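Please read the structure below before turning to the comments.
Since we're looking at a predicted model, the values are computed, not measured. Reminder, nothing fancy here: chain letters follow the sequence lines and each chain counts from 1.
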Amino acid sequence: MAKTKPNKLKARLPRGFVDRSAADIRATDAMLAKIRGVYEAYGFDPVETPAFEYTDCLGKFLPDTDRPNAGVFSVQDDDEQWMSLRYDLTAPLARHVSENINEIQLPFRSYRAGWVFRNEKPGPGRFRQFMQFDADTVGAPGVQADAEMCMMMADTMEALGIPRGQYIIRVNNRKVLDGVMAAIGLGDPEDAERRLTVLRAMDKYDKFGSEGVRLLLGEGRKDESGDFTKGANLSATAIDAIIEILEASAIDDLIDDRNDLTFKTAALSKLAINEEFEAGFSELKLISDLVTSAGYKADRISVDPSVVRGLEYYTGPVYEAELLFDVTNEKGEVVQFGSVGGGGRYDGLVKRFTGRDVPATGFSIGVSRLMTALKNLGKLKDDAVLAPVLVTVMDGDTESLARYQKMTQDLRSAGIRAEMYQGNWKKFGNQLKYADRRDCPLAIIQGGDERAEGVVQIKDLIEGKRLSGEIADNVTWRESRPAQISVPEAELVETVKRMLAEQADDRAKSGTEGAGA
RNA sequence: GCAGACGUAGCUCAGUUGGUUAGAGCGUCGGAUUGUGGCUCCGAAGGUCGUUGGUUCAACUCCAACCGUCUGUACCA
């Protein structure tokens, strides 16, 4: 061969995207089935929308021509209309409901799982394509719908095998936060920017603790690399009040509602309670009563005034599911996992399209994130599916191939996963090597000698692997043909069945760890 | 987006003050062994040293820009 080297195309995956292995796909499928089971039990029906939407329907401003892909992946259609890959499943649902509002019976209860795309900087456990599994009730004005969502999230966590006490559904209300904003003097429309800064700072309580949040609420914070984040410049009293909210474990720690509603902590009590806050508080009270009487105590669903989510479009109750156990990543570091799902009430989203008030509430579970966590909890088997039995090929003539193929089909007909070797049959050693690397449980062997006697060899590859530790010399290893039995051709299927059952018993006895719930 | 660290074989990494032919382990492939996985031994393939430009007699090594990866931070529907 000449030394000329063609320009080989470099095989590469776009950053922030991943290929999924057989084990991942099977684990995801199993998870989705469990989640779906809960949603179906609550009376939700599946609805699916496409991956692309017109950009304006997603609620994003028209992409400006310089950076049409900021945050979202956008392309221009033939007619120059901007289209984008969806970045969540809620906006497309609002579009679907609005477009079919005359045919849809409200309240409309639906669920959907799908890939969503975000054009952002990827990080560990953070991808530009990931899966969400949503459930929404559209056309339900009462907070009882929100309460139901919280209970359904809690049930989903447990259906996935997360024990009670290892997760918590935390509930808050945008009206409560808006009321607090007004109380600290940020209620005017022109304060919108500072309000956002304050809410974002509150959202970072988990990450930076109260000291970090204090800085962000005040003058600003410098991070480890020396980069400076500007703060909200609140007064000392306002900062203290917000820290009190963040540090409270329940809303009753902050509020005295025996007669009139009053704040009872030091800094908050200097502020006046307003109508907005009061409305939010009574909604939270109602949700709490509803879920409590349905048997969901505070160890599962808890009102927590520090929850901040979806600053853009949530209008009332907001809720999120948080895992409480430690998660260790591949490098052995403990990572803060935080929220694996969340949602809230979005009363304005359908109105954008229809002009009608169509209140809605729903939540989203981050399937990919949750799967990473479940792996750590040992709730996912590595691969639940057994590799196939391999029928090896000793002779390549048509008649022999037909016999091997027939054996393979007989095994399949008996419900046994089986395949005939499809590589180069002349290298017999490679066939067993292939079987070994695929983790095949058994190999079927029939050469001319066996054929003449009307028998087949069945080799137990699992047992053989165990025996290999005791044999150092290759010639002995080959000639002893470990863990291999010879049976009449007619008994092939039943013997394979029996041996697979014995292997399954062994696995059940020794390897009970990692068994899924 | 901002700030910092880092880019050498498929993977993990050596590579001296700038010096002639860039190495190792693992993995891959072939052979010892044409009908038996593992172990062992022998052999082979595999590199635009991230890219482009600059300094120099000479660059994997120094400089710049770009690309990519990682970390922190910002944004996150």
[M] and [N], which share atom name [atom1], separated by this distance in whole Å:
N      : M      : atom1 : value
B/rC6  : B/rU48 : P     : 23 Å
B/rC66 : B/rC57 : C1'   : 29 Å
B/rU16 : B/rA59 : C1'   : 15 Å
B/rG46 : B/rA9  : P     : 15 Å
B/rG10 : B/rA5  : C1'   : 25 Å
B/rC26 : B/rC41 : P     : 9 Å
B/rU21 : B/rA58 : C1'   : 16 Å
B/rG37 : B/rG30 : P     : 14 Å

Rounding to a whole Å, what distance do you find between [X]:[atom1] and [N]:[atom2]?
X        : N      : atom1 : atom2 : result
A/Phe73  : B/rC76 : CZ    : P     : 18 Å
A/Asn430 : B/rC29 : CG    : P     : 8 Å
A/Leu199 : B/rC75 : CG    : P     : 12 Å
A/Lys207 : B/rC76 : NZ    : P     : 12 Å
A/Glu53  : B/rA77 : CD    : P     : 19 Å
A/Asp136 : B/rA77 : CG    : P     : 16 Å
A/Leu442 : B/rG37 : CG    : C1'   : 14 Å
A/Leu215 : B/rA74 : CG    : C1'   : 16 Å

Sugar-phosphate only, base, or nothing, as touched by [X] at under 4.0 Å among non-hydrogen atoms:
X        : answer
A/Asp395 : nothing
A/Ala472 : base
A/Arg438 : nothing

Quiz item: What residue among A/Trp115, A/Phe44, A/Phe363, A/Tyr39 forms ring-ring contact (aromatic ring centres under 6.0 Å, His included) with A/Phe133?
Solution: A/Tyr39
Quiz prompt | Name of the residue among A/Tyr434, A/Phe428, A/Tyr404 meeting ring-ring contact (aromatic ring centres under 6.0 Å, His included) with A/Tyr421 | solution = A/Tyr434
Quiz item: Which residue pairs pass the salt bridge (Lys or Arg N to Asp or Glu O under 4.0 Å) test when at least one of the two sits in residues 127-141 of chain A, sequence neighbours left out?
Solution: A/Arg112-A/Asp136
Practice problem: Run the numbers on A/Lys230 and A/Thr197 for side chain to side chain contact (heavy atoms under 4.5 Å, CB included), then give the verdict. | Solution: CA-CA 9 Å; A/Lys230 235 179 83 189; A/Thr197 309; over 6 Å; no
Practice problem: Report yes if a donor N or O on one partner sits less than 3.5 Å from an acceptor N or O on the other, where the partners are the side chain of A/Lys433 and the base of B/rG30; otherwise report no. | Solution: no
Can you see if the side chain of [X] gets near the phosphate of [N] - specifically, an N or O under 4.0 Å from OP1 or OP2?
X        : N      : result
A/Arg15  : B/rU69 : yes
A/Arg126 : B/rC76 : no
A/Lys204 : B/rC75 : yes

Quiz item: Between A/Lys465 and A/Phe117, who's closer to the 5' end of RNA chain B by nearest nucleotide?
Solution: A/Lys465
Quiz item: Closer to the 5' end of RNA chain B via nearest nucleotide, is it A/Pro14 or A/Thr229?
Solution: A/Pro14
Quiz prompt | Side-chain donor or acceptor of A/Gln503 paired with backbone N/O of A/Pro441 under 3.5 Å | solution = yes
Quiz item: Backbone N or O of A/Pro92 within a donor-acceptor pair of the A/Thr49 side chain at under 3.5 Å?
Solution: no
Quiz item: So what's the dot-bracket for RNA chain B: Watson-Crick or G-U pairs under 3.5 Å, [ ] if a pair crosses, | if it pairs off-strand?
Solution: (((((((..((((.....[...)))).(((((.......))))).....(((((..]....))))))))))))....
Quiz item: Between A/Glu494 and A/Arg498, is the closest basic N to carboxylate O distance under 4.0 Å?
Solution: no
Quiz item: Hey, are A/Asp191 and A/Arg195 close enough for a salt bridge, meaning a charged N less than 4.0 Å from a carboxylate O?
Solution: no
Quiz item: Are A/Tyr87 and the base of B/rA77 stacked, counting only ring centres nearer than 5.5 Å and planes tilted under 30°?
Solution: yes
Self-check item: Qualifying residues under ring-ring contact (aromatic ring centres under 6.0 Å, His included), relative to A/Phe127, sequence neighbours excluded
Solution: none
Quiz item: Who pairs with A/Phe108 by ring-ring contact (aromatic ring centres under 6.0 Å, His included), at least two apart in sequence or on another chain?
Solution: none
Quiz prompt | A/Glu48 CD: over 12 foreign heavy atoms closer than 6.0 Å | solution = no
Quiz item: Does CD in A/Glu190 sit with more than 12 non-hydrogen atoms of other residues, nucleotides or ligands closer than 6.0 Å?
Solution: yes
Self-check item: Nearest heavy-atom neighbours spanning A/Val97 and A/Ile104
Solution: CA-CD1, 3.9 Å
Dump the pairs, protein N or O against N or O of nucleotides 25-28 of chain B, anything under 3.5 Å, distances to one decimal.
from, atom 1, to, atom 2, distance (Å)
B/rU28, OP1, A/Arg437, NH1, 2.8
B/rU28, OP1, A/Arg437, NH2, 3.1

Practice problem: Summarise protein proximity over nucleotides 31-36 of chain B in one line of letters, 5' to 3': B for base, S for sugar-phosphate only, - for none, counting protein heavy atoms closer than 4.0 Å. | Solution: S-B-BB
Quiz item: Given the rule in the side chain to side chain contact (heavy atoms under 4.5 Å, CB included) test, do A/Arg369 and A/Phe130 qualify, once you have shown the distances and angles that lead to the verdict?
Solution: CA-CA 9 Å; A/Arg369 268 180 82 71; A/Phe130 55 96; over 6 Å; no
Quiz item: B/rA77, B/rU71, B/rG37: which one has an atom nearest the side-chain heavy atoms of A/Leu461?
Solution: B/rG37
